[in-house]
Amino acid sequence: MADPAFWQRVPEGIRAMAPYQPGMPIDELRRRMGVTDVVKLASNENPLGCSPAVRAVLGRDHALARYPDGGGFALKARLAAFHDVAPEQITLGNGSNDLLEFVARIFLGPGRAAMYSAHAFAVYPLAAAAQNAPSVVVPARPVDAEDAYGHDLTGFARALSDDVAAIFIANPNNPTGTCLPAGAVAEFLGEVPESTVVVLDEAYWDYQDPATRPDIAALLARHPNLLVTRTFSKIYGMAALRLGYGLSHPALADLLNRVRQPFNNNSLALAAGEAAIDDQAFVAESVALNRTERARLERALRDRGLGVLPSHANFVAVDFGRDAAPMHQGLLEQGVIVRPMGSYQMPHFLRVTVGTEAENTRFLTALDTVLAAGSADAAS
């Protein structure tokens, strides 16, 4: 069928885009395969859900006939106190993805390139393509390196040019789970021209060992071109409410707020965010569960002869050493949803979210069934 006439007006970057593919919903697997008992370990959600304090807030009357606070005054005040920054340094987003889109809309376009690592978060190339902007994709660290598949900041520095307008660094990185040394981040920022914006995407910051985290307050004070993004979707267990934020110099926050949609955060999300920030005990509980179960998963997977990238997040990237698509399909048939990595140019890998002890055991049991079936097929 011929393209509609309006297609000719669509920028080339958008015509070439493939839509972002989210993790499969539980109900879709039930519809597709008739599986009733499903475990989802595909989208890096908090297996504990959200804080009881958040659930209590969501049950209150939020005057839903009224528009939300478009400036998010109360939540910004909480975040400013939590991070020891001024409210003017905070930009609220409909998820942290919103902040990535703001940067792309302001800074990217023809002749104004985005830079990011191979195997980095899929939204970076999509945000660049939507602005018809070129991308400078820096090869990841080699597979035989200790930090295999991680960001190569030396390569980033070599690739810098006047055309690079925005740099996206995921730390820890999704989908690899790799983490950059704090000193390397600080050193690289010192090499970037102040006319180039650097986005330090820290969606998984809470899961990272505190000893390895960059000193964000010091970096923000030193680099007015730095934007640090965070989300309530992961450790706070609020993925459905779509709430994220950015920390930056007030001048950069002012630009981001100019393109931010009015009322981009609903009243439920704003109130839940305030309660979530106040309940750091829940955060500590979630971190402790993740640390214990991530280590258990990594050991169990290696015991099965599989490769596992060292993870600093709430998921593990598992290397099957061959096309992992049959493994993904087999796990779906067992009622376990994980994430294939073919779209990240890592076709031998599956990404597995760290769940509860019971969920992880269910995954390992299903995996044993799939691996056994694969061995039997190979022998026949």
Side-chain angles (χ1 to χ4, degrees), residues 18-50 55 95 121-122 174-177 204 233-235 237-242 286 289-290 292-309 311 313-344 346-380:
Y20 177 80
Q21 296 296 323
M24 180 185 294
I26 290 174
D27 286 345
E28 182 178 343
L29 181 59
R30 288 172 175 158
R31 289 192 300 268
R32 185 186 297 185
M33 296 186 177
V35 180
T36 56
D37 184 13
V38 178
V39 170
K40 183 184 178 187
L41 300 174
S43 299
N44 305 338
E45 297 141 337
N46 188 332
L48 296 180
C50 63
R55 289 195 290 271
F121 187 34
N174 173 24
T176 62
Y204 299 94
S233 296
K234 305 303 179 187
I235 195 73
M238 291 167 43
L241 290 174
R242 310 308 304 129
S286 299
L289 171 67
N290 182 76
T292 299
E293 284 300 305
R294 184 179 65 197
R296 183 170 79 95
L297 265 184
E298 290 175 341
R299 287 193 302 270
L301 291 164
R302 292 190 177 108
D303 287 346
R304 287 160 171 78
L306 302 173
V308 183
L309 298 184
S311 176
N314 67 335
F315 57 84
V316 293
V318 188
D319 185 0
F320 288 84
R322 59 191 186 278
D323 182 16
M327 306 298 158
H328 177 241
Q329 180 62 30
L331 287 168
L332 290 178
E333 293 169 1
Q334 293 291 316
V336 177
I337 307 174
V338 297
R339 191 67 180 268
M341 291 288 99
S343 61
Y344 284 95
M346 298 172 67
H348 293 179
F349 284 80
L350 296 177
R351 191 191 69 196
V352 183
T353 302
V354 178
T356 63
E357 180 180 2
E359 288 172 334
N360 297 330
T361 298
R362 169 75 185 283
F363 158 69
L364 291 169
T365 301
L367 178 63
D368 286 339
T369 299
V370 172
L371 290 174
S375 298
D377 290 343
S380 61

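By convention here, the first residue in the shown sequence is residue 1.
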Peer 1: Which distance, rounded to the nearest 0.5 Å, do you find between the CG of L301 and the CZ of F363?
Peer 2: 5.0 Å
Peer 1: Could you pull out the closest heavy-atom pair between G237 and C50, with the gap in Å?
Peer 2: O-CB, 3.4 Å
Peer 1: How long is the span from the OG1 atom in T356 to the CG atom in N290, to the nearest 0.5 Å?
Peer 2: 12.0 Å
Peer 1: Quick check for you: to the nearest 0.5 Å, what is the distance between F315 atom CZ and T176 atom OG1?
Peer 2: 6.5 Å
Peer 1: If you look at every heavy atom in V370 and G330, which pair is closest and at what distance?
Peer 2: CG2-C, 3.5 Å
Peer 1: Report yes if some heavy atom in the side chain of R322 is under 4.5 Å from a heavy atom in the side chain of M327; otherwise report no.
Peer 2: yes
Peer 1: Can you tell me how far the NE2 atom of H328 sits from the CZ atom of F320, to the nearest 0.5 Å?
Peer 2: 10.5 Å
Peer 1: Testing the basics here: between N44 and K234, what is the closest heavy-atom pair and its distance to 0.1 Å?
Peer 2: O-CD, 3.3 Å
Peer 1: Where is the tightest heavy-atom contact between S233 and R242, given as atom of each residue plus distance?
Peer 2: OG-NH1, 3.0 Å
Peer 1: In residues 27-35, what donor-acceptor pairs under 3.5 Å come from side-chain atoms, sequence neighbours left out?
Peer 2:
residue	atom	partner	partner atom	Å
D27	OD1	R30	NH1	3.3
E28	OE2	R32	NH2	2.6
R30	NE	T36	O	3.4

Peer 1: Going by the rule side chain to side chain contact (heavy atoms under 4.5 Å, CB included), which residues pair with V39 if we only count those two or more places apart in sequence or in a different chain?
Peer 2: L41, E359, R362
Peer 1: Can L332 and I337 be said to form a side chain to side chain contact (heavy atoms under 4.5 Å, CB included), step by step?
Peer 2: CA-CA 6 Å; L332 290 178; I337 307 174; 4.1 Å; yes
Peer 1: For A324 and F349, which heavy atoms make the closest approach, and how far apart are they?
Peer 2: CB-O, 3.8 Å
Peer 1: May I have the step-by-step check of side chain to side chain contact (heavy atoms under 4.5 Å, CB included) for L350 and L331, ending in yes or no?
Peer 2: CA-CA 11 Å; L350 296 177; L331 287 168; 4.0 Å; yes
Peer 1: Applying side chain to side chain contact (heavy atoms under 4.5 Å, CB included), can you list everything that pairs with R296, at least two apart in sequence or on another chain?
Peer 2: E293, R299, E357, N360, T361, L364
Peer 1: Identify the heavy atoms of I235 and S286 that sit nearest to each other, and give their distance.
Peer 2: CD1-CB, 3.6 Å
Peer 1: First locate atom CG of D319, then atom CG of L306, and finally report the distance between them rounded to the nearest 0.5 Å.
Peer 2: 8.0 Å
Peer 1: Taking the side chain as every heavy atom from C-beta outward, state whether R339 and P175 have any pair of such atoms under 4.5 Å apart.
Peer 2: no
